[in-house]
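In each ligand, atom 1 is the first atom listed, and ligand 1 is the first ligand listed. Position 1 is the first residue of the sequence; numbering continues from there.
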Amino acid sequence: MSQYYQKEIETMPQEQIRALQSEKLVRQVRHVYDHVPYYRDLMDKKGVKPSDIHGIEDLSKLPFLSKSDLRETYPYGMLAVPLSDCVRIHSTSGTTGKRVIAYYTQHDIDLWEDCCARAIVAAGGTKEDVVQVCYGYGLFTGGSGLHGGSHKLGSLTLPMSSGNTDRQIQFMMDLRSTILCCTPSYAAYLGESLKERGYKPEDNALRAGIFGAEPWTEEMRRDIETSLGIKAYDIYGLTETSGPGVAFECEEQHGMHINEDHFIAEIIDPDTGEVLPEGEKGELVFTSLDKEAFPLLRYRTRDICVLSRKPCSCGRTHVRMSKPMGRSDDMMIIRGVNVFPSQIEAVLLNEGYAPNYLIEVDRVKNTDTLDVYVELAPEQFSDTVGAISAREKALADAIKTMLGINPKVHLVAPRTIARSEGKAVRVVDKRKLHD
Ligand code: DLL
């Protein structure tokens, strides 16, 4: 039997959701137009007024926002309420440019935490659970978001933050944590660390994990589920739309339900901006319907995925998004071929390697090169040199079959590739350094 945190909303018939979204959209467009001069200018340039927006059928009349708009308006330009009404900020990591700062009123925090509570309940969580939150706390939204959701549910919340793996394991074992929240790469590392310390999967009390903030494959899911002895759930979100909990998996695990009472999701062609029909792959765009302080309309996430409105047997009616394959800007073009790191990850795990790898792309004499460094498990490391090069060749062939281009595979000693406590860095594109 499915459990819900806010059953009436989560199982609301789709027509009713549409009506609710329409009503909220009209109000939100007016709010933004009146309080965010930057977006008002964009609307004026497009010749659209709040009075032109009568419901979601008019959504495509509105201009898009992208990360560059948020950078341009840094730090206060997108704020739609007086600063004195805000109670918190969070911020992106700023690895690809200036940081984006997101602002929250108390109302915004409440709704965000509700979304995270929905995600925890969908993963089977109740107030009886011991929720170990090892997403980073601080400017990153992961820690605070899941922490807030767990509090709303009344679960015992362990605010561990990321890192200090010895302490994570000690608390996990001594306090009998039942739900683990962290990035999938850190979950894999915790699984590996438990094994190294002699624990078997059944020794811990964990039942479920809520993992997100970075792309991860089904192969990675199976690896984590086996090493920790849990069921692993996906959770999605981004700082610009409040943080984790925009979408989450239910027990069916056929995509993540998007909290449609708070967000309208669209899929567009990333090149033309054209809205694509349900089922087509494209860039995910969000309009936040309830956020007061930082209410982005038609925000382009750069995440590539597919939406599905097929009924879900969990009873939730909200649209589902597929796992994002990675951001459109994570996609590498290597010798003219589109390559996502997740494709390489899927091959490695299928071939029996652990998810410890690094992809290096370079350009030598005008030709792109693809080097994949993969760690051997300790028992594989004792193989002869001949056996290792045979393994390298087999893995290179498997990657070639998947991508259509030849990589150079380097099998390296156990523990030589850095582990991640937050979002893993899997790709080094040296071409960017030369260009
Ligand atoms: O990563 C928020 C979050 C925290 C989500 C904890 C889930 C759990 P940002 O740092 O702003 O926010 O990064 C957002 O991360 O646009 C996606 O590209 C990626 N991402 C987030 N969740 C997933 C996921 C947080 N489940 C960016 N699968 C997004 C794949 C994800 N990619």
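Checked against a 3.5 angstrom limit, the closest N/O atoms of Leu146 and ligand 1 fall outside it. For ligand 1, none of its N or O atoms has an N or O atom of Phe140 under 3.5 Å away. Between Tyr135 and ligand 1, not a single N/O pair is under 3.5 Å apart.
Listed by number with element, the atoms of ligand 1 under 4.0 Å from a non-hydrogen atom of Thr141 are 2 (C). Counting the atoms of ligand 1 from 1 in the order shown, those under 4.0 Å from a heavy atom of Pro324 are 28 (N), 30 (C), 32 (N). Taking every non-hydrogen atom of Asp234 and a distance limit under 4.0 Å, the qualifying atoms of ligand 1 come out as 24 (C), 26 (N).
Between Val306 and Ile267, the closest side-chain pair of non-hydrogen atoms is not below 4.5 Å. Between Asp166 and Arg197, some side-chain heavy-atom pair lies under the 4.5 Å cut-off.
Distances from atom 9 (P) of ligand 1 to the heavy atoms of Thr301, Ile210, Thr239 show the closest one on Thr239. For atom 25 (C) of ligand 1, the candidate residues are Cys182, Ala119, Gly212, Gly237; the nearest heavy-atom contact is made by Gly237. The heavy atom nearest to atom 14 (C) of ligand 1, out of those in Leu139, Leu238, Val100, is found in Leu238.
Not one N or O on the side chain of Glu360 forms a donor-acceptor pair closer than 3.5 Å with the backbone of Tyr373. Of the possible polar contacts, one joining the Lys46 side chain to the Lys61 backbone as a donor-acceptor pair under 3.5 Å is found.
Applying the side chain to side chain donor-acceptor pair (under 3.5 Å) criterion to Arg222, with sequence neighbours excluded, gives no partner residue.
For Lys423, the heavy-atom gap to ligand 1 drops under 4.0 angstrom. Residue Glu214 places a heavy atom under 4.0 Å from ligand 1.
Ring pair Tyr103/Tyr76 is tilted by interplanar angle, where 30° to 60° counts as tilted.
Ion pairing of Arg320 with Glu252 is absent here, as no side-chain N (NZ or NE/NH1/NH2) approaches a carboxylate O to less than 4.0 Å. Ion pair Asp129/Arg207 flagged as a salt bridge, since at least one NZ, NE, NH1 or NH2 atom sits closer than 4.0 Å to an Asp/Glu carboxylate oxygen.
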